[in-house]
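Take a look at the structure set out below.
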Amino acid sequence: VDIKSRRAAPPHLGHSRLVAAAVTPGWDGGDSDAMDREMDASQAVTAIYQGHALGLTRLAFLMLGDRQAAEDVVQEAFCGLYRAWDRMSDHIHALGYVRASVLNGSRSALRRSRRVLRPLAVPAAASAEATVLAEERQRETVAALRRLPPRQREAVVLRYFADLPEQETAVAMGVSRGTVKSTTSRALAALARMLQEEEP
Amino acid sequence: VTKLEDRLRADMKAESEQIELGSIPALRLPARTHPPGRLRRRGPRHWPAWVTALAAAAAVTAVIAGTFLIAHTVSRPGPNPSATGGSPPYSGIPPFYAYAVQGSIYSRTVHGTQYGDSVIARYVKIRATASGKVLRTVSPPAPYNAFESFTGAADARTFVFAAQWYIHGKLDE
């Protein structure tokens, strides 16, 4: 299925925030049985992909620092969701499942490649001094983010990029809510030191 | 919300926007080889109970058969005391003895490096008591790769072995 040919009324496309709710009109979890009857796994997974591929790819990109690797991780996560579709007891958790798969895939990709994350090249600076300064600041932030240990980076990306609450972050990372709190706190302290910002 | 948190949100959003909406590739789902609604479940396979019982019985039968085969193989040529050092110098001492030899079993590959596990009884050697000469080295028959136990009969000519299949971290006897 080509996403480009199915772009009629795409829900949440273009928005980086991950939303654990409706991705298909009428699918809010309350009538998931009806959706099951009407859509086979392929259609359902494709609909979720259309709604969330962009946000998940951006998330994986922040984790990996590599566009191609991020796209591969997201593809594989959705293939995993497709394979698991028929044995999932409640498809309302599909997005949580695929988000956790993306994180797992990112961890595996980092382990495999032992990738040294480097800030990607920011496009050539515009003439305005303010733009140059903003890009320099962004470069510093991303470089600091990529110096964090993977679990701390995950916590920061999920909390401040995906805007997930602590509980959903915990589910995605497969840890307790307390661990999310402590990991995020350590990450923020480290980032504050690296960026010479005031600690939260 | 602190200044740092604001900065993280803004900069991560800006960085991530290098991935643009139109650049996301199409989803490529694997082909299904079965009719919808009858998806074979992946992951841990749950065999019917009778298959487990049948496999256990088959394994026991295989071990017994292997044991007899080895015993037969070892005892048939029958190392001859006169040919392997003559009569033992001490009466009452068996003319042959067997002992286990520790060995390594290839078990797994991690990051391209092969690792092995050491097992206590990878082989069994049989020597003549009088001369110490190795008369036979016995390996477990396939698919087994280690001995679990062995013993010699009173005539010191017949040895009985029990083989096992060692997998990393567990034994399948």
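Numbered from 1 within each chain, the chains take letters A, B, ... in sequence-line order.
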message: Please classify the contact of A/Arg137 with chain B as side chain, backbone, both or neither, using a heavy-atom distance under 4.5 Å.
response: both
Shared-cluster residues of B/Tyr99, by chain and number - hydrophobic side chains joined below 4.5 Å: B/Tyr97, B/Val101, B/Tyr123
task: Flag the one option from A/Glu71, A/Glu140, A/Gln75 with the top tally of heavy-atom pairs under 4.5 Å to chain B.
output: A/Gln75
query: Of the non-hydrogen atoms in B/Pro140 and B/Arg122, which two are nearest, and what is the gap between them?
result: CD-O, 3.4 Å
- request: Would you sort out whether A/Tyr49 and A/Leu56 count as a side chain to side chain contact (heavy atoms under 4.5 Å, CB included), showing the intermediate values?
  value: CA-CA 9 Å; A/Tyr49 183 82; A/Leu56 289 168; over 6 Å; no
message: Quick check on the interface: out of A/Val156, A/Val45, A/Leu195, who has the most heavy-atom pairs with chain B under 4.5 Å?
response: A/Leu195
query: So which part of B/Glu17 gets closer than 4.5 Å to some heavy atom of chain A, the side chain, the backbone, both or neither?
result: both
query: So, B/Ser23 versus A/Arg67: side-chain donor-acceptor pair below 3.5 Å or not?
result: yes
